[in-house]
Chemist: 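I am attaching a structure below and will ask some questions about it afterwards.
These figures come from a predicted structure and were not determined experimentally. Numbering starts at 1 and runs along the sequence shown. Values below: all heavy atoms of this structure, side chains included; hydrogens, waters and symmetry mates excluded.
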Amino acid sequence: MRAFLSFSRMEKGLAKNSLDAYGRDLTAFRLWTEPRTGGQFPDAELLRGYLNHLYSNKLGSRSIARHLSAIRGLFHFLIAEGLIPADPTEHLSSPKQWSTIPKFLNRGQIEKLIDAPDCAKPGGLRDRAMLELLYATGIRVTELIKLRLSNIDIRLGLVRVTGKGNKQRIVPVHATALHAVSQYVSTGRPALLRGRVSPDLFVTARGTGMTRQAFWASIKANGRKAGIFHHLSPHVLRHTFATHLLEGGADLRSVQAMLGHADLSTTEVYTHVVRSRLRDTLDQHHPRA
């Protein structure tokens, strides 16, 4: 397991959060299977028993699918290393995952949220710039907090993002977000650093880079100011970015490239959002609806 996780980090470039989740899932798998294997590698029958165990614990289909992905990855690694002769996960079926419509903000809500930070304070300038950039680009919160000062070109209006698997992509940034970032870089950031040096674009009052937890707390606090109390997270802004682009007529491939999705099917979930809005529009405005 340790060798597989090291391989996943070094060779596959999995992010720390993904590695932590894989580690937890595989530890649970080991603790359940070890007393039942007699010192042998688990076979297909035992794996089916483990899946039944997960179902009996009322885990959701997404959680079970993630467990199975970690187990499959482990056994594929064992085969590649020549440690087992056959893959016991070959005929295991993944649970059916229903596509849920992502939660997103309407245009009035996103404007109120972005206007919520107090820009008279350095931290407010930073929070405003982070919200603007998140809504302007649709990048993940992990990608946002990892941005370096050198990653954004304000003159060209581009940001270079390092996503999952250390894959880099270039995302355009509109003028409004660039203005907010420029204000933060020129006044807010130096006030937070107070003479200290940091390569990070977004920093705290201690001079260190922003963390996921700190930005999560910030977006919750600004959400309360804007009157948005439910289901608000950094990922909601990513969903909002994609939804508003598609509503404005953007093509799916362009949205896929900006979001950094490896598979177009991941981006297609947003077309369900647009279809549902079309349904609402028809129901509200058609005389025979």
Chemist: Using only atom types and a distance under 3.5 Å, with no angle test, would you say the side chain of D251 pairs donor to acceptor with the backbone of R253?
Modeler: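 Here the side-chain-to-backbone pair exists.
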Chemist: Is it the case that more than 12 heavy atoms not belonging to K121 sit under 6.0 Å from its NZ atom?
Modeler: no
Chemist: For Y22, give me all partners under ring pair (Phe, Tyr, Trp, His ring centres under 6.0 Å), at least two apart in sequence or on another chain.
Modeler: none
Chemist: Return yes if some donor-acceptor pair links the side-chain N/O of R126 with the main-chain N/O of V203 below 3.5 Å, else return no.
Modeler: yes
Chemist: May I ask you to check whether over 12 heavy atoms, not counting those of H76, lie within 6.0 Å of atom NE2?
Modeler: yes
Chemist: Without swapping roles, check the side chain of N222 against the backbone of I219 for a donor-acceptor pair under 3.5 Å.
Modeler: no
Chemist: Does a sphere of radius 6.0 Å around CD in E45 hold more than 12 heavy atoms from other residues, nucleotides or ligands, not counting ones at 6.0 Å or beyond?
Modeler: no
Chemist: Would the distance check show the side chain of N57 and the main-chain N or O of L59 forming a donor-acceptor pair, the cut-off being under 3.5 Å?
Modeler: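 Looks like no, no N/O pair under 3.5 Å.
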Chemist: Any salt bridge between E111 and R107, counting N to O under 4.0 Å?
Modeler: no
Chemist: Has the side chain of Q168 got a donor or acceptor atom that lies under 3.5 Å from a matching backbone atom of T162?
Modeler: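 Judged by distance alone, no pair lies under 3.5 Å.
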Chemist: Please list, chain by chain and in numerical order, all residues satisfying ring pair (Phe, Tyr, Trp, His ring centres under 6.0 Å) with H239, sequence neighbours excluded.
Modeler: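 If we apply the ring pair (Phe, Tyr, Trp, His ring centres under 6.0 Å) test to H239, skipping adjacent residues, the hits are H235, Y270.
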Chemist: Any heavy-atom pair between the side chains of K16 and R9 that's under 4.5 Å?
Modeler: no
Chemist: Using modelled atom types and a 3.5 Å cut-off, is there a donor and acceptor pairing between side-chain atoms of E143 and backbone atoms of R140?
Modeler: yes
Chemist: Under 6.0 Å from the NZ atom of K225, do we count more than 12 heavy atoms belonging to anything else shown?
Modeler: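 Yes, the 6.0 Å shell around NZ holds more than 12 heavy atoms from other groups.
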